[in-house]
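From a predicted model like this one, the values you see are computed outputs, not experimental measurements.
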Amino acid sequence: MKYDIEQLLEAGEVIQIYPEGYSMYPMFVPGRDAAVIKKADVKKIRRADVVLYRRKGSILVLHRVVKRKGGQFYMAGDNQTEVEGPVEEDQIRGILTAFVRNGRRISVKNPVYVIWSGLWLMFLPVRGIFWSFTAWVRRLRKNNSE
């Protein structure tokens, strides 16, 4: 049976979805991790929260809030350097409350997660350099093992 994610959230249900794609890597690895989401109270959303929103006339997206300016939000995936926005309040459908990794449910209130997500957001301006460096290290290790 198929359910509409937006209808479930609007009805107050807590849902678990499996994000596709790599925009939220390393937080979410497709096929491994799940996101636990509830209806968002947009007045309480703040920087570093992960929200589910609908792009205008398009798909549902799960990204992190980079900045809030009144009723507008600016978003980025954890694996992205470009900031998307403004996203309006009425586009937001839900907020991440926990994630499931290897069968273990971890709350977004977990201190390790709170610190990690804050640091990761702080590194947004240098993520491109970070990914380039890690790709270089992987290539170097691969070449040394051949």
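- Both Ile95 and Val87 sit in one connected hydrophobic cluster of ILVMFWY residues. Membership requires side-chain heavy atoms under 4.5 Å apart, directly or through other members.
- Aromatic ring centroids of Tyr18 and Phe28 lie 6.0 Å or more apart.
- In plain terms, the two heavy atoms of Ser107 and Ala98 that are nearest each other are CA-CB, 4.0 Å.
- Grouping the Ile, Leu, Val, Met, Phe, Trp and Tyr side chains by contacts below 4.5 angstrom, directly or via other members, places Leu96 apart from Val100.
- The residues Glu89 and Arg68 are annotated as salt-bridged, a charged nitrogen and a carboxylate oxygen being separated by less than 4.0 angstrom.
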TODO: Could you please spell out the steps behind the side-chain hydrogen bond (donor to acceptor under 3.5 Å, both in side chains) verdict for Tyr53 and Glu84?
DONE: CA-CA 12 Å; Tyr53 63 97; Glu84 176 182 355; 2.8 Å; yes
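- Clustering ILVMFWY residues whenever any of their side-chain heavy atoms sit less than 4.5 angstrom apart, transitively, puts Leu9 in the very cluster that holds Val50.
- When the side chains of ILVMFWY residues are joined at heavy-atom separations under 4.5 Å, either directly or via intervening members, Phe73 and Val51 end up in a single hydrophobic cluster.
- Heavy-atom contacts from other residues, nucleotides or ligands closer than 6.0 Å to CD of Gln16 number more than 12.
- The nearest pair of heavy atoms linking Gln91 to Pro86 is OE1-O, 4.3 Å.
- Atom CD of Glu10 sits in a sparse spot, with 12 or fewer heavy atoms from other residues, nucleotides or ligands closer than 6.0 Å.
- The pair Arg64-Asp78 meets the salt-bridge criterion, with a side-chain N (NZ, NE, NH1 or NH2) lying under 4.0 Å from an Asp/Glu carboxylate O.
- With a 6.0 Å radius and a threshold of 12 heavy atoms from other residues, nucleotides or ligands, Arg32 has its CZ atom above the threshold.
- Scanning both residues, Leu62 and Ile37, for their nearest heavy atoms gives CD1-CD1, 3.9 Å.
- For the pair Gly21 and Pro30, the tightest heavy-atom approach, listed with the atom from each and the gap, is O-CG, 3.0 Å.
- Put simply, the side chain of Asn144 reaches to within 4.5 Å of the side chain of Leu140, judged on heavy atoms.
- Within 6.0 Å of atom OH in Tyr74, more than 12 heavy atoms from other residues, nucleotides or ligands are found, so the atom counts as buried in its surroundings.
- Using a 4.5 Å cut-off on side-chain heavy atoms (C-beta onward), Met75 and Val65 make contact.
- Of all the heavy atoms in Arg93 and Arg54, the pair that sits closest is NH2-CB, 3.8 Å.
- Here the rule is salt bridge (Lys or Arg N to Asp or Glu O under 4.0 Å) with Asp33, and of Arg101, Arg104, Arg105 only Arg101 fits it.
- Taking all atoms of both residues into account, the shortest heavy-atom contact from Lys44 to Asp49 is O-OD2, 4.0 Å.
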